[in-house]
There are 2 protein chains.
Amino acid sequence: MKRRNTPSKQAVLDVLIQSGQAMSHDAIEGQLEMDINRATIYRILNQFCEDGMVHTIVANDGKHYFALCNNSEIAPSGFHFHFSCTKCKTISCLDQEVQLNLPPGFVMEKANCVVTGTCQNCV
Amino acid sequence: MKRRNTPSKQAVLDVLIQSGQAMSHDAIEGQLEMDINRATIYRILNQFCEDGMVHTIVANDGKHYFALCNNSEIAPSGFHFHFSCTKCKTISCLDQEVQLNLPPGFVMEKANCVVTGTCQNCV
DNA sequence: TATATTATTGCAACAATGTCGCATTAATAT
DNA sequence: ATATTAATGCGACATTGTTGCAATAATATA
Ligand SMILES: [Mn+2]
Ligand SMILES: [Mn+2]
Ligand SMILES: [Zn+2]
Ligand SMILES: [Zn+2]
């Protein structure tokens, strides 16, 4: 399927760029000026993920958070940790690669690593 | 609240012991011979977590998985990786501690780290 | 053993998240 | 200007997890 540019996609992208954080569907919808249907927002986000512009984090609340990929993340298997601050509620990408010694026979395809605590802005 | 021993608690515990894997509410209910209400199962599992017998993993499907703590996990801040096999659908505890260098000012309270891929039983 | 206390349970209801089918709309190419 | 089909809105749905409340049952006490 060839992608088409639409105001909705642009609006969702703008919200993600402007925030600089990983955002849930909920938070994205809250920041949108335009009204966009929930299903549509999810479809847009999933499309961004397919296209490698965005990656998802599954946080401790079980919700999916969506964050822009920066260029260094384009590298294959560049899985990194995420930090979830319980005070300011932000979820951000850490500059820490996930690396571990798997037992023989195990093959890692992806990783979802979320560290929870308090961030540097919250004392 | 003082805990009471009940057939329901024992049954849930038996299922967890017998499986040796992290299990979702769903899977636990499926393995129970007794019929136990969904809310009750969740309450039992959450109680086990409070009491430090069980820990939870949030997997990529956004669901909570519950796994028995082995004795070495009683140690405070002993966060470890988990492995989720896409073929046999098992989620198991890895003997790999989560350790990372957080930027100054960050404080880690807990970690939810799930590596997805294929396990040693699935070639 | 009989009774009182209250933890536990079942039930119903609920909120939230995420997906899907289908008809309509609109972006793109010709 | 028109045809193609990707994108959208709407409604419906499945699933997960929690909560209030009344009924039940585990435990302690007399
Ligand atoms: Mn990230
Ligand atoms: Mn574990
Ligand atoms: Zn913070
Ligand atoms: Zn496997």
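Keep in mind that what you see is a predicted model, and the values were worked out from it rather than measured.
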> Just grab all the salt bridge (Lys or Arg N to Asp or Glu O under 4.0 Å) pairs involving residues 8-30 of chain A, residues at least two apart or on different chains.
none

> Pull out every residue in residues 3-11 of chain B that has a heavy atom closer than 4.0 Å to any atom of DNA chain C, ordered by number, or say none.
Arg3(B), Arg4(B), Thr6(B), Ser8(B), Lys9(B)

> Mind calculating the distance between CD1 (Ile28(A)) and P (dG18(C)) to the nearest angstrom?
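From Ile28(A) CD1 to dG18(C) P: 10 Å.
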
> Quick one: salt bridge (Lys or Arg N to Asp or Glu O under 4.0 Å) pairs with a partner in residues 47-62 of chain B, sequence neighbours left out?
Arg3(B)-Glu50(B), Arg3(B)-Asp51(B)

> Measure CG/Asp26(B) against C1'/dA14(D) and give the value in whole Å, please.
12 Å

> Using atom CG of Asp61(A) as one end and atom C1' of dG18(C) as the other, report the distance to the nearest whole Å.
13 Å

> Write out all pairs satisfying ring pair (Phe, Tyr, Trp, His ring centres under 6.0 Å) with one or both partners inside residues 102-123 of chain A, taking only residues at least two apart or from two chains.
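As it turns out, the ring pair (Phe, Tyr, Trp, His ring centres under 6.0 Å) pairs with a partner in residues 102-123 of chain A, which skip direct neighbours, are Phe106(A)-Phe83(B).
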
> Under 4.0 Å, heavy atom to any atom of DNA chain D: which of residues 32-48 of chain A qualify?
Asp35(A), Ile36(A), Asn37(A), Arg38(A), Ala39(A), Thr40(A), Arg43(A), Ile44(A), Gln47(A)

> Round to a whole Å and report the spacing from NZ of Lys63(B) to C1' of dA14(D).
12 Å

> Using links of under 4.5 Å between side-chain heavy atoms of ILVMFWY residues, direct or through other members, which residues join Val107(A) in one cluster?
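Answer for Val107(A): none, a lone residue.
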
> Test of understanding: with side chain to side chain donor-acceptor pair (under 3.5 Å), list the residues that count as partners of Asn46(B), not counting sequence neighbours.
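Not a single residue meets the side chain to side chain donor-acceptor pair (under 3.5 Å) criterion with Asn46(B).
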
> Who are the side chain to side chain donor-acceptor pair (under 3.5 Å) partners of Thr118(B), not counting sequence neighbours?
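Checked Thr118(B) against side chain to side chain donor-acceptor pair (under 3.5 Å); zero matches.
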
> Apply ring-ring contact (aromatic ring centres under 6.0 Å, His included) to Tyr42(A) and list each qualifying residue two or more places apart in sequence or on a separate chain.
His25(A)

> When the axes are fitted on five pairs at both termini, how much does the helix from dT1(C)-dA30(D) to dT30(C)-dA1(D) curve, in 10° steps?
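Axis-to-axis angle, ends of the helix: 30°.
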
> What pairs with His64(A) under ring-ring contact (aromatic ring centres under 6.0 Å, His included), at least two apart in sequence or on another chain?
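Per chain and number, His64(A) pairs via ring-ring contact (aromatic ring centres under 6.0 Å, His included) with no residue.
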
> Just jot down the side chain to side chain donor-acceptor pair (under 3.5 Å) partners of Gln120(B), sequence neighbours excluded, or say none.
none

> Judged by each residue's nearest nucleotide on DNA chain D, which is more toward the 5′ side, His64(B) or Lys2(B)?
His64(B)

> Which atom pair, heavy atoms only, marks the closest approach of His80(A) to Leu94(A)?
CB-O, 3.6 Å

> Nearest-Å distance, CG (Asp51(A)) to C1' (dA7(D))?
14 Å

> Any chance the side chains of Thr116(B) and Asn60(B) put a donor and an acceptor closer than 3.5 Å?
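Judged by distance alone, the side chains do pair up.
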
